[in-house]
S.K.: 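What follows is a single structure, and I will ask about it in a moment.
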Amino acid sequence: MNRFFVIIQVFCAILCPKTTHCLPDIIKIGGLFHPGDDTQEVAFRYAVEKINADRTVLPRSKLSAQVEKINPLDSFHASKRVCHLLRTGVAAIFGPQSAHTASHIQSICDTMEIPHLETRWDYRLRRESCLVNLYPHPSMLSKAFVDIVRAWGWKSFTIIYETNEGLVRLQELLKAHGPNELPITVRQLSDSGDYRPLLKQIKNSAESHIVLDCSTDKIYEVLKQAQQIGMMSDYHSYLITSLDLHMVHLDEFKYGGTNITSFRLVDPEKPIVQDTIDTWIYGETKSGRKVPFGKMTNISVIRTETALMYDAVHLFAKALHDLDTSQQIDIQPLSCDASDTWPHGYSLINYMKIVEIRGLTDVIKFDHQGFRTDFVLDIVELSPLGLRKAGTWNSTQGVNFTKTYGEQQMEIVENLKNKTLVVTTILSSPYCMRKDSAEKLTGNDQFEGYAIDLIHEISKILGFNYTLRLAPDGRYGSYNKETGEWDGMVRELLEQRADLAIADLTITFDREQVVDFTMPFMNLGISVLYRKPVKQPPNLFSFLSPLSLDVWIYMATAYLGVSVLLFILARFTPYEWPSTSSCDPGKMETQFTLMNCMWFAIGSLMQQGCEILPKFSPQEWQNPHPCNRDSSTLDNQFSLHNSLWFTFGSLMQQGCDISPKAVSTRMVAGMWWFFTLIMISSYTANLAAFLTVERMDSPIENAEDLAKQTKIKYGALGGGSTAAFFRDSNFSTYQRMWSFMESARPSVFTTSNIEGVERVVKGKGSYAFLMESTSIEYVIERNCELTQVGGMLDSKGYGIAMPPNSPYRTAISGAVLKLQEEGKLHTLKTRWWTEKRGGGSCRDEQSKSSSTANELGLANVGGVFVVLMGGMGVACVIAVCEFVWKSRKVAVEERVSLCSEMASELRFALKCRSKNRGVRHSHAVNELDSAENHRFHPLGPPYSQYEFETKAAME
């Protein structure tokens, strides 16, 4: 009958209630149990007693339990016992648990239309017409496994199963994973009982996620052997498919930190469950029988099948009670040899499928196919306090974890306290170094460094202990594509020989795929380590360096242009033409006495100028008595020669003995002075830097310079993250650098950073080493010959690595963040970079050199002396030429020999005390003067109008 027919029957029963009661006073129900199913039998009997004591269900009848013991492998005997029960007039058959005998019993019940209630796991996807199974359907359980694996984010896992039924139980999980880069592994337990070889294979595969499907009795032995080979660590997770994990003794594993999780249908801590079990224990103890129940943290527990048997009897009684209210029911004996059937069997089956009750396994409800639905599974996991509920699962909402993220982390921190972790590291300054001690040190005492102090600070925050171990091969960890294996510290983590890896270990994409990293405790990038540039010898003419050649040319052009403009304007304006007459032209005087020469030198040295300026040789002699202001002739002082001299004196900030008088020439002079003020000030300011700062000659300034040349070799740590950066980079420059490094012979790769530093020192500029900027900072603090060239090529960080899926990742990251906020990470870096092990020595030298000015040697200012000596030499040559030329001219005019005239002039020049000399005129000039003196000058009219004056008056 379908559900619609049952509803019609109920509706008719309400409209036409029956007046007679046909149910017998004693309703027999049969229970088939195996010799080891004592708990099933107890649940069956006490369920009958519980219903008989409840007058709300079948108030006029009582149930009678008919128990039969059968062999689980003897289906013939089981059939006989079922026929015997049918002859006694049973209304339903309960059990058995064996699939081998259950199929035969089910066929008999279907033939006789007797309800058959089972509580075992049944892999069949269809239910027989007279079968009601309270155990959740395999497809629903498999969906629960799929949901929790997805909630955990497992990318790969290994399934360990005992029988083929286990694969049926997990078929949905196998389908859900599908094709993946990380395929799942399926392994079957052996029948020998020794599971260690299989578990060792799984351990060698570095798989930490295990789905275990086996009988409840074997769970402990599998976990025990897994513990013996080291597969019960903090990083392993086990999903147990059995719903009876609470029946397993797990005290040996609850302190190991292993994540052991399972589902359960029965919550042994529920009051209804505990009250029911207490009733059973009391009754069995009173009857003198052995109590067949387990214990879990001082509470009694029962198997899922036992609870389902108890609920099955209640389901039958409730359905029979409801059916009795809708139609007349009679129960009669049946014979297996006859063709008679029970007419109410299908009706009772349909009622059981639509009845909804609440029992030991919570809500019992079925869908139209007869599969149990809307049931809730508890997610339980092992903790130091035993199995604890972590969440729930149902078919509609999926997984729902009840523990918050904060609660989970608090539990992890609590588990971490007083636990000893194995920390792997490598010797790398300043992160991990051996202590300098005269005594032999062992254990953690033999190491010191930044990483050692860091893990010590973290351990104080989280309260764990640690043991330091060096990686056997001394490598960080790189993947070998040929062997498909990792080396170094990463291998130690993958093989779970270490819990943490702390060193200058770079967080990379490849490493992140196989191990877990905390947040970075130090940020850095790749840079170039190279020797310091060689000091460039000073240039002899370094005083010309502050200005470029173009500026010097422009200044010379401006100098000539201003001089010519001044000359032109001075001739154009009438205010630059003063009178040139003098009273006593026969007497000349020089302004360069010894005292005036000293004053001129001091004025020039102080850059204040002077009112006297040199006119060497005969031109230094001039008339000291210019007194006639009404002269008929005017003289312009701004000749082209004087204009050049004026602008040159202004440019040198020395002034000049001539100064402009007209507004136009003064405007030109003012603008020129402003120009020279700016140019000379800029030149002086820049000259100080060029003379005091030592020029360095470096062949490379950055990585681009390295890539453009082949003379300087460069390399990196072999198998490290720096080499991987260039190998995997898509940037053309870095690809070219990687090709160069790979093809270089001998190899430019090193086995350690120390070796790379030594090659840079010994290379004398022929080798550059690519390494992390923080390591470069440490090296250049101690080796003053080396320096960092250019900036960082990338940005990355150092992190603490741990095995994949480590539960301590968040806790340790939180500790690192706390140290960073408190400034302790900066303190540790300052301690190990600039204070200990010779740190700060190069910085002290730099501070000394920067605080005191460098002395200028002759090499710095030698060019100035060269220019001075050259200028003096040229001046002497010109002076000699002027002397000879003037002497020759005078000798010709005086009609004397050149040698005598030169000797006379030389004798007078050597008389240092005399500063006056007579003016020597030529003979023609003397005759003209004599003729003028004897010329008649009329003074009276009409000549007075021409304003003639006597000679005496003129004197």
Side-chain angles (χ1 to χ4, degrees), residues 1-7 92-99 102-103 105-107 109-110 113-148 164-176 213 241-244 263-266 303-316 318-319 322-323 345-378 392-399:
M1 291 184 179
N2 53 27
R3 185 187 299 266
F4 178 74
F5 180 74
V6 174
I7 296 176
I93 299 294
F94 293 83
Q97 293 299 111
S98 171
S103 60
I105 297 172
Q106 180 61 48
S107 62
C109 291
D110 288 340
E113 299 183 12
I114 295 296
H116 183 202
L117 288 85
E118 287 186 332
T119 60
R120 65 182 182 88
W121 179 83
D122 188 359
Y123 66 90
R124 292 177 299 178
L125 300 181
R126 291 182 65 253
R127 290 291 183 259
E128 302 297 338
S129 56
C130 292
L131 176 63
V132 175
N133 194 333
L134 276 69
Y135 202 95
H137 193 267
S139 62
M140 299 299 293
L141 290 178
S142 187
K143 186 177 184 299
F145 302 145
V146 172
D147 289 345
I148 195 169
N164 294 334
E165 293 181 355
L167 295 179
V168 178
R169 237 187 315 266
L170 300 173
Q171 60 178 337
E172 295 297 327
L173 185 60
L174 295 171
K175 293 178 183 178
D213 184 276
T241 62
S242 173
L243 300 182
D244 293 323
F263 291 100
R264 72 182 180 191
L265 192 58
V266 181
R303 290 179 177 270
T304 303
E305 291 84 353
T306 304
L308 291 175
M309 179 60 71
Y310 185 83
D311 291 342
V313 177
H314 282 77
L315 176 66
F316 166 78
K318 176 62 175 174
D322 293 345
L323 180 61
Y346 283 123
S347 299
L348 183 57
I349 290 293
N350 289 329
Y351 265 85
M352 282 192 286
K353 290 180 179 179
I354 65 173
V355 165
E356 181 176 341
I357 67 170
R358 187 176 295 272
L360 299 183
T361 58
D362 206 16
V363 178
I364 301 173
K365 185 179 179 181
F366 296 89
D367 60 12
H368 65 282
Q369 295 181 348
F371 299 145
R372 185 164 178 178
T373 183
D374 293 344
F375 60 92
V376 177
L377 296 176
D378 290 340
T392 59
W393 177 91
N394 59 56
S395 58
T396 57
Q397 298 180 354
V399 175

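For reference, positions follow the sequence shown, starting with 1. Just so you know, these numbers come straight off a predicted model, no measurement behind them. Hydrogens, waters and symmetry mates play no part in the numbers below; they use all other heavy atoms, side chains included.
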S.K.: How many angstroms lie between OG1 in Thr119 and CE in Met309, if you round to the nearest 0.5 Å?
M.R.: 4.0 Å
S.K.: Looking at Ile349 and Ser129, what are the two nearest heavy atoms and their distance?
M.R.: CG2-O, 3.4 Å
S.K.: Check the pair Leu243 / Trp121 against side-chain contact (heavy atoms from CB on, under 4.5 Å), numbers first and verdict last.
M.R.: CA-CA 11 Å; Leu243 300 182; Trp121 179 83; over 6 Å; no
S.K.: Using only atom types and a distance under 3.5 Å, with no angle test, would you say the side chain of Thr361 pairs donor to acceptor with the backbone of Val266?
M.R.: no
S.K.: Write down the atom of Asp311, the atom of Gly359, and the distance for their closest heavy-atom approach.
M.R.: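 Minimum heavy-atom separation between Asp311 and Gly359: OD1-CA, 3.4 Å.
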S.K.: Which atom pair, heavy atoms only, marks the closest approach of Phe366 to Lys353?
M.R.: CB-O, 3.6 Å
S.K.: Below 4.5 Å, heavy atoms only, C-beta onward: do Asp244 and Glu305 meet side chain to side chain?
M.R.: yes
S.K.: Specify whether Phe145 and Phe263 have parallel, tilted or perpendicular ring planes, treating 30° as the upper limit for parallel and 60° as the lower limit for perpendicular.
M.R.: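 Answer is tilted, since the angle falls between 30° and 60°.
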S.K.: Evaluate the side-chain contact (heavy atoms from CB on, under 4.5 Å) criterion for residues Leu377 and Leu141: first the C-alpha distance (whole Å), next the side-chain angles of each, then the deciding distance (0.1 Å), finally the verdict.
M.R.: CA-CA 9 Å; Leu377 296 176; Leu141 290 178; 3.8 Å; yes
S.K.: Run Ile148 and Trp393 through side-chain contact (heavy atoms from CB on, under 4.5 Å) and show every step you take.
M.R.: CA-CA 9 Å; Ile148 195 169; Trp393 177 91; over 6 Å; no
S.K.: Nearest 0.5 Å, what's the CG-CG distance between Leu315 and Leu308?
M.R.: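 With rounding to 0.5 Å, CG (Leu315) is 11.0 Å from CG (Leu308).
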S.K.: Evaluate the side-chain proximity of Asp122 to Tyr135: yes if any heavy-atom separation is below 4.5 Å, no if none is.
M.R.: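 They are not in contact (no side-chain heavy atoms under 4.5 Å apart), so the answer is no.
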S.K.: At what distance, to the nearest 0.5 angstrom, does CG of Leu360 lie from OG1 of Thr306?
M.R.: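 Leu360 atom CG to Thr306 atom OG1 measures 10.0 Å (nearest 0.5 Å).
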S.K.: Whether the side chain of Arg372 engages the backbone of Pro136 through a donor-acceptor N/O pair (distance < 3.5 Å, no angle test) should be reported.
M.R.: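 Between the backbone of Pro136 and the side chain of Arg372 there is no qualifying donor-acceptor contact (under 3.5 Å).
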S.K.: Could you walk me through whether Glu118 and Arg120 satisfy the salt bridge (charged side-chain N to carboxylate O under 4.0 Å, His left out) test, starting with their C-alpha distance in whole Å, then the side-chain angles of each, then the deciding distance to 0.1 Å, before giving a yes or no?
M.R.: CA-CA 6 Å; Glu118 287 186 332; Arg120 65 182 182 88; 3.3 Å; yes
S.K.: Could you state the interatomic distance from CD (Glu172) to OG (Ser142), rounded to the nearest 0.5 Å?
M.R.: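 Output value for this atom pair is 5.0 Å.
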S.K.: If I take atom CG from residue Leu131 and atom CE from residue Met352, how far apart are they, to the nearest 0.5 angstrom?
M.R.: 9.5 Å
S.K.: Going by atom types only, do Asp213 and Thr241 share a side-chain donor-acceptor pair under 3.5 Å?
M.R.: yes
S.K.: Any idea which heavy atoms bring Pro96 and Ile105 closest together, and the distance?
M.R.: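 Closest pair (atom of Pro96, atom of Ile105, distance): CD-CD1, 3.3 Å.
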S.K.: With sequence neighbours excluded, tell me which residues meet side chain to side chain donor-acceptor pair (under 3.5 Å) with Asn394.
M.R.: Thr396
S.K.: Would you mind telling me which of Val355, Asp374, Ile354, Ile357 makes a side-chain contact (heavy atoms from CB on, under 4.5 Å) with Lys365?
M.R.: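 With Lys365 as partner, side-chain contact (heavy atoms from CB on, under 4.5 Å) holds for just one option, Asp374.
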S.K.: What distance do Ser395 atom OG and Met140 atom CE have between them, rounded to the nearest 0.5 Å?
M.R.: 4.0 Å
S.K.: I need the minimum non-hydrogen distance between Cys109 and Cys130, along with the two atoms involved.
M.R.: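 Minimum heavy-atom contact is O-SG, 4.0 Å.
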S.K.: Under the side-chain contact (heavy atoms from CB on, under 4.5 Å) criterion, do Glu356 and Val363 qualify, and how do the steps go?
M.R.: CA-CA 7 Å; Glu356 181 176 341; Val363 178; 3.7 Å; yes
